Amino acid sequence: MESVFDVVIIGGGVVGCSQVFTLTRLGYRCLLLEKEAHLVSMASSGNSGMLHTGFDAPLGSIELACILKCQQQILPVLKSLGLPYSKIGATMVAWNSQQKEKLPQVMRKAKDANMDDVLELSLSQLYQREPHLAHGATAALWIPREAVIDPWLTPISFAHHAKSLGAKVLTSTMVQGCEQDSQGIWRVTTDRGIFRGNVVINSAGLYGDVVDKLAGVQKFRIMPRLGQYLVYGKETKSLINSSILPIPTEKTKGVIIFKSVYDNVIIGPTQEETEKRTTPVCLSQQTVNTLLDHGRVSVPSLQSHPVVHTYSGTRPATDTKDYHVIPHIDRNWLTLGGIRSTGLSSCLGVADMVGKIMKEKFCLEPSNSPNMHLPTVDISFTNHRTAMLGSEEYTVTHPITYTGKFDRKAWANL
Ligand SMILES: Cc1cc2nc3c(=O)[nH]c(=O)nc-3n(C[C@H](O)[C@H](O)[C@H](O)COP(=O)(O)OP(=O)(O)OC[C@H]3O[C@@H](n4cnc5c(N)ncnc54)[C@H](O)[C@@H]3O)c2cc1C
């Protein structure tokens, strides 16, 4: 049997990969267990790749605190690792008088969250910045710090770096049972054996409630919410200069027209309640039409370009808006659940909070010395679904990465 790890992390999405990255750098001996054959295979493989600033996150929420904390760290970390990002900013556009009336409220919320750089644009400023936008906008806001990153390379590089520091990362390893022995050490049973750890972190995303149940704790239920997208080729990149946001509602950020870090224009995501925790392979014609319509009325020139790809992702939503960051102190079990629509934007903030919980709530000191050095990752894409990080091969699971790294001609020949 293996020795006892400081921390066993269940789930290799962006949340789990960020935990293994941060905790290993702090000196904790970590084991990450992922049931799928590849890391970043579920919710984290179907997102928009946007680094949100949190301007519309609820004030006082864990979500906002983690996004703001992540904002302070993530760009220097991406820079050190040599990962791509683009600070393209976002333009929120109102198209009628009711929407226009909501902008002061959005602006107030942003200011209350100390985002003083959110600005109102005049209509002439708007059309100067976004000349391909449809006529008829009634008002607009400029949110300069919204950015886009590679949503696959980022978490994969985090896990890869943790491995280089000694963390163990196992894929195709499904956690099936969790129990504590008489000394409080967790025995995590998987289809590849039993692993032991002082603390367990549940970052199982869409199965967060199922994994909590294995430990006999249950505070929330996952209510999956599907989001679907259309992807255009890079020839459309000059049609927008920033992410074009609609006015958010209580429930959704709405359908966005944005540019990936590789310059593909993308329309999405939709917001659909679903019973299924997995994502459909194809979009329905009705969804395609709805998204095409959204593109047509907002950026009409998009109509003359073909859609080169479509994809979907399912959010691990719950019946409450905020994240479920729940340390079960008497059990040495930490739930990171319901991180539904901003998990990429908050990833290092959540991990920072977890580092503090390890010390302050679980009184767990790291076994090793910290190692904060962050060398550039040597990355090469060998074909449309494979990348080498150093000498290790990884399967690319996110459509933003694999459509972005290869042009349409390459796609047509597949
Ligand atoms: C449509 C959409 C758009 C989004 N857009 C953005 C965006 O632009 N910006 C942003 O910041 N966020 C965005 N998000 C949110 C972000 O993607 C999520 O917050 C994030 O992916 C959640 O990550 P996770 O690691 O908790 O979950 P997941 O990615 O689902 O990872 C959990 C992992 O746990 C594994 N697992 C489950 N059960 C077990 C088990 N028993 N044993 C072992 N492994 C297990 C799963 O296989 C999975 O790989 C979006 C999400 C969606 C779906």
Side-chain angles (χ1 to χ4, degrees), residues 8-20 32-54 57 63 66-67 70-71 74 90 146-149 151-152 154-155 158-159 170-178 188-192 195 200-215 222 224-229 243 245 252-253 255-256 258 260 266 268-272 274 277-279 311-317 323-324 335-351 397-400:
V8 176
I9 298 159
I10 304 173
V14 67
V15 176
C17 291
S18 310
Q19 304 318 307
V20 77
L32 185 147
L33 302 171
E34 167 54 51
K35 69 175 167 56
E36 298 295 317
H38 309 294
L39 296 173
V40 190
S41 280
M42 298 209 63
S44 306
S45 67
N47 58 33
S48 314
M50 299 179 74
L51 269 190
H52 296 298
T53 48
E63 180 184 25
C66 291
I67 292 175
C70 188
Q71 284 257 322
I74 194 152
E146 294 268 314
V148 287
I149 63 175
W152 178 80
T154 303
F158 288 171
L170 296 178
T171 51
S172 301
T173 307
M174 174 147 182
V175 173
Q176 296 167 323
C178 299
V188 178
T189 306
T190 73
D191 50 2
R192 289 177 64 185
F195 301 93
V200 175
I201 298 179
N202 169 9
S203 50
L206 285 156
Y207 293 88
D209 51 351
V210 175
V211 169
D212 256 8
K213 232 184 202 168
L214 296 177
I222 291 292
R225 206 176 291 155
L226 179 66
Q228 314 206 54
Y229 300 86
S243 301
L245 310 180
T252 168
K253 291 186 190 305
V255 173
I256 302 171
F258 62 101
S260 80
I266 300 177
T270 55
Q271 188 78 218
E272 304 164 53
T274 166
R277 297 183 192 228
T278 50
T279 45
Y311 73 95
S312 316
T314 307
R315 305 167 183 89
Y323 299 173
H324 297 263
T335 305
L336 302 178
I339 301 184
R340 66 190 198 297
S341 58
T342 47
L344 190 64
S345 311
S346 65
C347 60
L348 294 182
V350 173
T397 52
H398 202 303
I400 284 186

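Order of listing sets the numbers, starting from 1, for every ligand and every atom in it. Since the model is a prediction, treat every value here as computed from it, not as a measurement.
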Peer 1: Looking at every heavy atom in both Ile400 and Ile266, which two are closest together, and how far apart are they?
Peer 2: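 Nearest pair, atom of Ile400 first, then Ile266: CG1-CD1, 3.9 Å.
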Peer 1: Ring-plane angle category for Tyr311 and His398, please: parallel below 30°, perpendicular beyond 60°, tilted otherwise.
Peer 2: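 Ring orientation of Tyr311 relative to His398: perpendicular.
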Peer 1: Do Glu146 and Ser243 have a side chain donor and acceptor closer than 3.5 Å?
Peer 2: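 Not at all, the side chains of Glu146 and Ser243 share no donor-acceptor pair under 3.5 Å.
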Peer 1: Determine the minimum heavy-atom distance between Ser45 and Val40, stating which atoms define it.
Peer 2: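 Shortest heavy-atom separation between Ser45 and Val40 comes out as CB-O, 3.3 Å.
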Peer 1: When you compare the side chains of Arg192 and Thr173, does any donor N or O come within less than 3.5 Å of an acceptor on the partner?
Peer 2: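 Yes - a donor-acceptor pair under 3.5 Å links their side chains.
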Peer 1: Please tabulate protein-ligand N/O pairs under 3.5 Å for ligand 1, atom names and distances to 0.1 Å.
Peer 2:
| unit_1 | atom_1 | unit_2 | atom_2 | d |
| --- | --- | --- | --- | --- |
| ligand 1 | 5 (N) | Ser48 | N | 3.2 |
| ligand 1 | 5 (N) | Ser48 | OG | 3.4 |
| ligand 1 | 8 (O) | Met50 | N | 3.1 |
| ligand 1 | 9 (N) | Met50 | O | 2.8 |
| ligand 1 | 11 (O) | Thr342 | O | 3.3 |
| ligand 1 | 11 (O) | Leu344 | N | 3.0 |
| ligand 1 | 11 (O) | Ser345 | N | 2.7 |
| ligand 1 | 11 (O) | Ser345 | OG | 2.6 |
| ligand 1 | 12 (N) | Ser341 | O | 3.2 |
| ligand 1 | 12 (N) | Gly343 | N | 3.4 |
| ligand 1 | 17 (O) | Asn47 | ND2 | 3.0 |
| ligand 1 | 19 (O) | Ile339 | O | 2.6 |
| ligand 1 | 19 (O) | Gly343 | N | 2.9 |
| ligand 1 | 21 (O) | Ser44 | N | 3.2 |
| ligand 1 | 21 (O) | Ser44 | OG | 2.8 |
| ligand 1 | 23 (O) | Ser44 | OG | 3.3 |
| ligand 1 | 25 (O) | Val14 | N | 3.4 |
| ligand 1 | 25 (O) | Val15 | N | 3.1 |
| ligand 1 | 29 (O) | Ala43 | N | 3.4 |
| ligand 1 | 29 (O) | Ser44 | N | 2.9 |
| ligand 1 | 29 (O) | Ser44 | OG | 2.5 |
| ligand 1 | 30 (O) | Ala43 | N | 3.2 |
| ligand 1 | 41 (N) | Val175 | O | 3.1 |
| ligand 1 | 42 (N) | Val175 | N | 2.9 |
| ligand 1 | 44 (N) | Lys35 | N | 3.1 |
| ligand 1 | 47 (O) | Glu34 | OE2 | 2.6 |
| ligand 1 | 47 (O) | Lys35 | NZ | 3.2 |
| ligand 1 | 49 (O) | Glu34 | OE1 | 2.6 |
| ligand 1 | 49 (O) | Glu34 | OE2 | 3.1 |

Peer 1: Tell me every residue that passes side chain to side chain contact (heavy atoms under 4.5 Å, CB included) with Thr154, counting only those two or more places apart in sequence or in another chain.
Peer 2: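 Thr154 satisfies side chain to side chain contact (heavy atoms under 4.5 Å, CB included) with Leu78, Leu83, Ile149, Phe158 only.
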